[in-house]
2 protein chains.
Amino acid sequence: MRPKSDTLTGQELELMKVIWRTGRATVREVYEDLKTRRTIAYTSVQTMMNVLESKGHLRKEPGDRAQTYVPVRPQQTVVRSMVREFVDRVFDGSARPLLVHLLKEKGLTAAERKELQKLLDKEGE
Amino acid sequence: MRPKSDTLTGQELELMKVIWRTGRATVREVYEDLKTRRTIAYTSVQTMMNVLESKGHLRKEPGDRAQTYVPVRPQQTVVRSMVREFVDRVFDGSARPLLVHLLKEKGLTAAERKELQKLLDKEGE
DNA sequence: GGGCGCATACTAATTAATTAGTATTAACGA
DNA sequence: TCGTTAATACTAATTAATTAGTATGCGCCC
């Protein structure tokens, strides 16, 4: 039996990303966005958005013609909890090995390195 | 319908962690380890280990009395792919925001900071 | 040999999320 | 008003992983 996910699942996150990007959206708007990338039924989007609402991630507001769905929490907050859950699950709560992993991977620009250096220099920030 | 997971699911990861820790294990050994932490049936462990075998994460070897399961890939390799999948999924492939997230969280010791500084200083490592 | 415990193979049920169709109502434009 | 499109409510089916039981075979010890 499938355990409940503490954090956003794959599809839930896809939908939330669309809505976070625009700030608020109707089912139709999310559907139009997603269908540019893949085949999905309008009613699938509708269902998922209602699931997200019932889970407390979205709030419904009356719109001109269609209900508008608004995120309950900012993206950063939600992503933060997802990062925490990932670190707990995969690294037993310690961020250090994850940081080491990421820094050892090529892909950071010089500017990004500088920025990260700054963050590392700040004590207790 | 549940999409297939590209990476280890929650329970799969729990089992793999036990086996990575010991290097190889029988169903019984994994079962004894897990049951110290939670209620689970021996046959549940058995099933999951066979699932992991069929998925290519474990290899069966004949043992003295019980078959021994051996990881096919080292933990680091598997964890690396899980990190990649996470970054792709949550951060659209860019490690930078995840690094910023992690560095802004309190929790790193001075020694850890020093270590990370070193990694940042290394060009193209 | 027999009883008991363990290992293995097989089978079945459950779950949450995912996918999407149908029916009905509402809105819009001619 | 009517026809068409869109929105909403509701319903149903599917999926992969998870949980675990049953039946049988094997090993050990008395």
Side-chain angles (χ1 to χ4, degrees), chain A residues 1-19 24-35 37-70 78 82 85 89-90, chain B residues 1-19 24-35 37-70 78 82 85 89-90:
Chain A
M1 40 273 274
R2 187 175 187 174
K4 274 187 169 125
S5 177
D6 289 334
T7 55
L8 294 173
T9 64
Q11 294 312 306
E12 289 170 352
L13 180 61
E14 280 311 300
L15 264 78
M16 288 303 303
K17 278 186 186 172
V18 174
I19 301 163
R24 58 204 297 114
T26 61
V27 173
R28 167 64 56 178
E29 284 163 348
V30 176
Y31 167 68
E32 296 289 341
D33 186 294
L34 290 179
K35 91 171 177 186
R37 272 171 271 147
R38 61 167 165 127
T39 304
I40 187 166
Y42 176 92
T43 48
S44 297
V45 177
Q46 172 196 352
T47 302
M48 290 303 302
M49 287 177 77
N50 282 319
V51 166
L52 284 164
E53 191 237 355
S54 64
K55 285 187 172 187
H57 291 292
L58 291 178
R59 196 179 73 233
K60 273 196 215 170
E61 288 183 357
D64 292 336
R65 192 180 167 196
Q67 296 167 335
T68 297
Y69 292 75
V70 182
V78 177
M82 290 180 76
E85 184 274 331
R89 177 161 50 89
V90 178
Chain B
M1 39 275 275
R2 186 175 188 174
K4 275 187 168 124
S5 177
D6 290 334
T7 55
L8 293 174
T9 64
Q11 294 310 306
E12 290 172 349
L13 180 61
E14 280 312 298
L15 264 78
M16 289 303 304
K17 278 186 187 174
V18 174
I19 302 164
R24 58 203 299 112
T26 61
V27 172
R28 166 67 53 181
E29 284 162 348
V30 176
Y31 167 68
E32 297 289 345
D33 185 294
L34 290 179
K35 91 172 179 188
R37 271 171 274 146
R38 61 168 165 127
T39 305
I40 188 166
Y42 176 92
T43 48
S44 297
V45 176
Q46 172 196 350
T47 301
M48 290 304 301
M49 287 177 76
N50 283 319
V51 166
L52 284 165
E53 191 239 354
S54 65
K55 285 187 172 186
H57 292 293
L58 292 177
R59 198 178 74 233
K60 273 194 214 171
E61 287 183 357
D64 293 337
R65 193 181 164 198
Q67 296 167 335
T68 297
Y69 293 74
V70 183
V78 176
M82 291 181 75
E85 183 274 331
R89 178 162 50 89
V90 178

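Keep in mind the model is a prediction, meaning the values are calculated, not measured. Letters A, B, ... mirror the listed sequences (proteins, then strands); counts begin at 1. Quick note: numbers below take in every heavy atom, side chains included, and nothing from hydrogens, waters or symmetry partners.
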Asks: With sequence neighbours left out, which residue pairs that include part of residues 2-13 of chain B fulfil the salt bridge (Lys or Arg N to Asp or Glu O under 4.0 Å) condition?
Replies: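 For residues 2-13 of chain B: Glu12(B)-Lys55(B).
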Asks: Check the distance between dG5(C)'s P and Glu32(B)'s CD and give it to me in whole angstrom.
Replies: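 Whole-Å distance recorded here is 14 Å.
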Asks: Counting just side-chain N and O atoms, does Lys55(B) come under 4.0 Å of either OP1 or OP2 of dA17(D)?
Replies: yes
Asks: Between Thr9(B) and dT18(D), is there a contact of a side-chain N or O with OP1 or OP2 at under 4.0 Å?
Replies: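 Looking at the OP1 and OP2 atoms of dT18(D), one of them is under 4.0 Å from a side-chain N or O of Thr9(B).
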Asks: Does the side chain of Val27(A) reach to within under 4.5 Å of the side chain of Thr43(A), using non-hydrogen atoms?
Replies: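 Contact flag for Val27(A)/Thr43(A) side chains = no.
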Asks: Are Ser44(B) and dT19(D) close enough that a side-chain N or O sits under 4.0 Å from OP1 or OP2?
Replies: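 No, no such contact exists.
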Asks: Take Glu29(B) and Ile19(B), measure what side chain to side chain contact (heavy atoms under 4.5 Å, CB included) needs, and give me the verdict at the end.
Replies: CA-CA 9 Å; Glu29(B) 284 162 348; Ile19(B) 302 164; over 6 Å; no
Asks: Quickly work out the Met16(A) CE to dT18(C) P distance and round it to whole Å.
Replies: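 Taking CE of Met16(A) and P of dT18(C), I get 13 Å after rounding.
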Asks: Determine, step by step, whether Leu15(B) and Leu34(B) satisfy the side chain to side chain contact (heavy atoms under 4.5 Å, CB included) criterion, reporting the C-alpha distance in whole Å, the side-chain angles of both residues, the deciding distance to 0.1 Å, and the verdict.
Replies: CA-CA 8 Å; Leu15(B) 264 78; Leu34(B) 290 179; 3.7 Å; yes
Asks: Side-chain contact test, heavy atoms from C-beta onward, threshold under 4.5 Å: evaluate it for Tyr31(B) versus Val18(B) and give yes or no.
Replies: no
Asks: Kindly point out which of dA20(C), dT18(C), dA20(D) is positioned nearest to the side chain of Ala41(A)?
Replies: dA20(C)
Asks: Of the nucleotides dA16(D), dT19(C), dA20(D), which one has an atom closest to the side chain of Arg2(B)?
Replies: dA16(D)
Asks: Could you tell me the separation between the CE atom of Met49(A) and the C1' atom of dA17(C), rounded to a whole number of Å?
Replies: 17 Å
Asks: Starting at atom CE of Met1(A), determine the distance to atom C1' of dT15(C), rounded to an integer number of angstrom.
Replies: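 Computing the Met1(A):CE to dT15(C):C1' distance gives 6 Å.
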Asks: Rounded to whole angstrom units, what separation is found between the CD atom of Glu53(B) and the C1' atom of dT8(C)?
Replies: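 Between C1' of dT8(C) and CD of Glu53(B): 13 Å.
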Asks: Rounded to whole angstroms, how far apart are CD on Glu29(B) and C1' on dA7(C)?
Replies: 13 Å
Asks: Would you give a per-nucleotide map of nucleotides 2-10 of chain D, 5' to 3', where B means the base has a protein non-hydrogen atom under 4.0 Å away, S means only the sugar-phosphate does, and - means neither?
Replies: ---BSSBB-
Asks: The side chain of Lys4(B) is closest to which nucleotide in this list: dT19(D), dT15(C), dA16(D)?
Replies: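 When the side chain of Lys4(B) is considered, dA16(D) is the closest of dT19(D), dT15(C), dA16(D).
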Asks: Tell me: CG of Leu52(B) to C1' of dA17(D), nearest whole Å?
Replies: 11 Å
Asks: Given side chains that start at C-beta, do those of Met49(A) and Gln67(A) come closer than 4.5 Å, heavy atoms only?
Replies: no
Asks: Mind calculating the distance between CG (Leu15(B)) and C1' (dA17(D)) to the nearest angstrom?
Replies: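 Atom-to-atom, Leu15(B) to dA17(D), this comes out as 13 Å.
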Asks: Can you figure out which of dG21(C), dT19(D), dT18(C) approaches the side chain of Arg38(B) most closely?
Replies: dT19(D)
Asks: Sequence neighbours excluded, which residues qualify as salt bridge (Lys or Arg N to Asp or Glu O under 4.0 Å) partners of Glu53(A)?
Replies: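 With neighbours one apart ignored, the set is empty.
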